[in-house]
Amino acid sequence: MASTYTMLLTAFSLALTGTVMNRTHMMSMLLGIEAMTLSLFMIMTTLSTNSPSSTATPIIMITMAACEASTGLTLLMLTSKKNTNDHMKNLNLLQC
């Protein structure tokens, strides 16, 4: 069981490292965030198998992850339509 937790925490830290280091394209950042969410979901699922009172927590988390993914893809589509690419350096949050 300890090796499972170690593997999942390593997956989360690799996804976090990938998100921090690959900040050039919005799509690569969204994939890193999605990998972090997936590893957190697997950690929550593994932890909830021991206690039956927290079985709804992974379901709530995967629902939030689906909402986050749809919002991220919508923002990606809108920014690529406006700027014709998904480079993060082209995004200026101070402009309308």
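Each residue takes its place number in the sequence, starting with 1. Below, all heavy atoms of this structure are taken into account, side chains as well, without hydrogens, waters or symmetry copies.
Both Met29 and Met27 are members of a single hydrophobic cluster when ILVMFWY side chains are connected at heavy-atom separations under 4.5 Å. Note on Leu30 and Leu40: separate hydrophobic clusters, where clusters join Ile, Leu, Val, Met, Phe, Trp and Tyr whose side-chain heavy atoms are under 4.5 Å apart, directly or indirectly.
Considering CG of Leu9 and CZ of Phe12, their distance stands at 8.5 Å, rounded to 0.5 Å. Expressed to the nearest 0.5 Å, how far CG of Leu73 lies from CD of Glu34 amounts to 8.0 Å. In this structure, CD1 on Ile59 lies 11.5 Å from CE on Met44, to the nearest 0.5 angstrom. Rounding to the nearest 0.5 Å gives a distance of 10.0 Å between CE of Met7 and CD1 of Ile43. Atom CG of Leu38 sits about 11.5 Å away from atom CG of Leu31, to the nearest 0.5 Å. One distance of note links CE of Met26 with CD1 of Ile33; it measures 8.5 Å at 0.5 Å rounding.
In terms of heavy-atom proximity, Ser39 sits nearest to Leu8 at CB-O, 4.1 Å. In plain terms, the two heavy atoms of Ala15 and Met36 that are nearest each other are CB-CG, 3.5 Å. Closest non-hydrogen pair, Pro58 versus Ser48, comes out as CG-OG, 3.7 Å. Among all heavy-atom pairs drawn from Asn22 and Ser28, the shortest one is O-OG, 3.2 Å. The shortest non-hydrogen separation linking Val20 to Arg23 is O-CG, 3.3 Å.
Residue pairs satisfying the side chain to side chain donor-acceptor pair (under 3.5 Å) criterion with at least one member in residues 3-19, sequence neighbours excluded, are absent. Among residues at least two apart or in separate chains, there is no side chain to side chain donor-acceptor pair (under 3.5 Å) pair with a member in residues 61-71.
Annotation for Met77: hydrophobic cluster partners, listed by chain and number, are Leu78 (ILVMFWY side-chain heavy atoms under 4.5 Å, direct or chained).
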